[in-house]
2 protein chains.
Amino acid sequence: MSAVDRSLVAGLSLFADIPPDGIDDALREARPLRFAKNAVVFEQGQEAGSFFLLLHGRVRAHKLAPAGEQVVIRFIAPGELFGVAMAIGQSAYPATAIAVVDSVALAWPSSAWQGLLARHPSLGVQTMQALGARLQEAQTRLMEISTQEVERRIAHALLRLLKQGGRRTPEGILVDFPISREDIAQMTGTTLHTVSRILSTWQERGLIVSARRKVTVRNPAQLARLADPEGAS
Amino acid sequence: MSAVDRSLVAGLSLFADIPPDGIDDALREARPLRFAKNAVVFEQGQEAGSFFLLLHGRVRAHKLAPAGEQVVIRFIAPGELFGVAMAIGQSAYPATAIAVVDSVALAWPSSAWQGLLARHPSLGVQTMQALGARLQEAQTRLMEISTQEVERRIAHALLRLLKQGGRRTPEGILVDFPISREDIAQMTGTTLHTVSRILSTWQERGLIVSARRKVTVRNPAQLARLADPEGAS
DNA sequence: CGGCGGCTTGAGACCACTCAACAGTGGTGG
DNA sequence: CCACCACTGTTGAGTGGTCTCAAGCCGCCG
């Protein structure tokens, strides 16, 4: 009678160390939710009533600056937890989450977290590692934005996007979800104008092919050389 | 026969939910280490053999950029865990840790982590919340550096330093550990020159008093107004 | 008391931002 | 089904905040 079938989450590292009946137990409290493109999953500042596991689609998390500018925190891929505010002791969501394309996520009430953690300790381990990876990435971005000029930051951002969601095509590797110049600007601390100019010159040089909300990298190796000229050890 | 007395860590939130004999158990595997001012605790890239709990002093964590620039990740205060690379699934330290003043830390072998976590689940909860707080801070700094001009970033950085280690003095609130313009520059993604200029103007305006590696804020409220002109809700 | 690490301050250059105008493109409603 | 409009992207011109380069000063620490 579980509302969600276990096959939906089979193979996710989050549940890797949990036996089948444990997974059933965990899914019992979850509800699947559909989010249309551009739908808001939760909003910054709102009370953190649920946490989520993305099953299909793509979700963008961004933070609102006091003056109204947005900064993109990350793009969430299927298989990732998000909105785990209460796991880290926050009662409100620290960012806004919006579906980039039609998406499906499992939602648990935040109050279920403690019990889940107690019954399935490996969840804690997996979550801690995911948090650690996000912390590393945030610190790396901080380092980049502090020390590198815009072109290199954009190169790094693009490479990360490819690693997270790159799909081979005849023309090269395509970022497999819609991404605008504005998005890239908000990931790298610059403006859409500057991103547009830089992508234009890259396109002239044959490094990339881009269209409206679409970027294909023809030559990842050269892009990597742009990102790290020294080939840092 | 425990090597370290439990009174050393009494009152730390990290051990708040663990009974006395559990604390003794945890301390059994730890060794206290002294670090002289400017001593290296561990270095970025090095294999993560130990994790640490700072007891006295102050430790600076910074990351080295490919071209050699440093970025200050955080200042570690007594009571905080650091170097927990393996807890987050990293086999090497992602940053360098250096004692800012003479310091004392407890060191556990990294291999002890799993067992500790299994025997004392509340450790996991506490650590996850600490990680969450650090993630929040990193993301907030990302937002600041992406959207705000240098003066406001420095104001925010100073306010955070005060919150973490501020001591009342007749002249105002003093950052209670040595901090150079270069440190502040590396926290805010700017240069020591710009920091110097800005602190100079603040000093002229009577906002702060500063000396070599010392900053005292006379008027925190005014500084906060500089940091958030709108008084954002 | 000498030297070095930290700090200050000036001058000039430049990267990236702001402001501005316009051009595709794709979704939507009549 | 087509036309329109909002969204996305391009490109130019000008500006300015911050960096770089440079020189010198101060105050600790050894």
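A, B, ... follow the sequence lines: proteins, then strands. Residue 1 opens every chain. Model, not experiment: these values are computed from the prediction.
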Give a yes/no on whether any side-chain N or O of [X] is located under 4.0 angstrom from OP1 or OP2 of [N].
| X | N | result |
| --- | --- | --- |
| Thr190(B) | dT18(D) | no |
| Thr194(B) | dC19(D) | yes |
| Arg181(A) | dG9(D) | yes |
| Ser210(A) | dG9(D) | no |
| Ser196(A) | dT8(D) | no |

How many whole angstroms separate atom [atom1] of [X] from atom [atom2] of [N]?
| X | N | atom1 | atom2 | answer |
| --- | --- | --- | --- | --- |
| Arg152(A) | dA16(C) | CZ | C1' | 17 Å |
| Gln186(B) | dG6(C) | CD | P | 11 Å |
| Arg213(B) | dG27(D) | CZ | C1' | 13 Å |
| Ile198(A) | dC15(C) | CD1 | C1' | 10 Å |
| Leu199(A) | dT8(D) | CG | P | 15 Å |
| Lys214(B) | dT8(C) | NZ | P | 14 Å |
| Glu69(B) | dC19(D) | CD | C1' | 13 Å |
| Glu151(B) | dT18(D) | CD | P | 9 Å |

Handout entry: Glu43(B) backbone acceptor or donor facing Gln46(B) side chain under 3.5 Å
Key =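 Indeed, once roles are kept as given, a pair shorter than 3.5 Å links the two residues.
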Practice task
May I ask you to decide if Pro94(B)'s main-chain N or O and Lys63(B)'s side chain share a donor-acceptor pair within less than 3.5 Å?
Solution key: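 Side chain of Lys63(B) to backbone of Pro94(B), a donor-acceptor pair under 3.5 Å: yes, one is there.
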Exercise for the section: With the side chain counted from C-beta on, respond yes when Asp183(B) and Val195(B) share a heavy-atom pair under 4.5 Å apart, and no when they do not. Expected result: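 A side-chain contact under 4.5 Å is absent here.
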Problem - Pairing of Arg160(A) and Glu144(A) as salt bridge, 4.0 angstrom limit - result: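 Looking at Glu144(A) together with Arg160(A), the answer is yes, because their closest N to O distance falls below 4.0 Å.
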Problem - Glu149(B), nearest nucleotide to its side chain (from dT18(D), dG9(D), dC7(C)) - result: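 Per side-chain heavy atoms of Glu149(B), the pick is dT18(D).
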Problem - Sugar-phosphate only, base, or nothing, as touched by Arg197(B) at under 4.0 Å among non-hydrogen atoms - result: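 Base, at least one base heavy atom under 4.0 Å.
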Practice task
Name the residue closer to the 5' end of DNA chain C, choosing between Arg212(A) and Gly189(A) according to the nucleotide with the nearest heavy atom.
Solution key: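 Its nearest nucleotide being more 5', the pick is Gly189(A).
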Exercise for the section: Let me know, please, whether Thr191(B) or Leu192(A) comes out on the 5' side of the other along DNA chain D by nearest nucleotide. Expected result: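 By nearest-heavy-atom nucleotide position, the 5'-most residue is Leu192(A).
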Practice task
Assess the pair Phe82(A) and Phe51(A): is the distance between their ring centroids shorter than 6.0 Å?
Solution key: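 Ring-ring flag for Phe82(A)/Phe51(A): false, centres at least 6.0 Å apart.
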Exercise for the section: Report yes if a donor N or O on one partner sits less than 3.5 Å from an acceptor N or O on the other, where the partners are the side chain of His193(B) and the base of dT9(C); otherwise report no. Expected result: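 Side chain to base: pair present.
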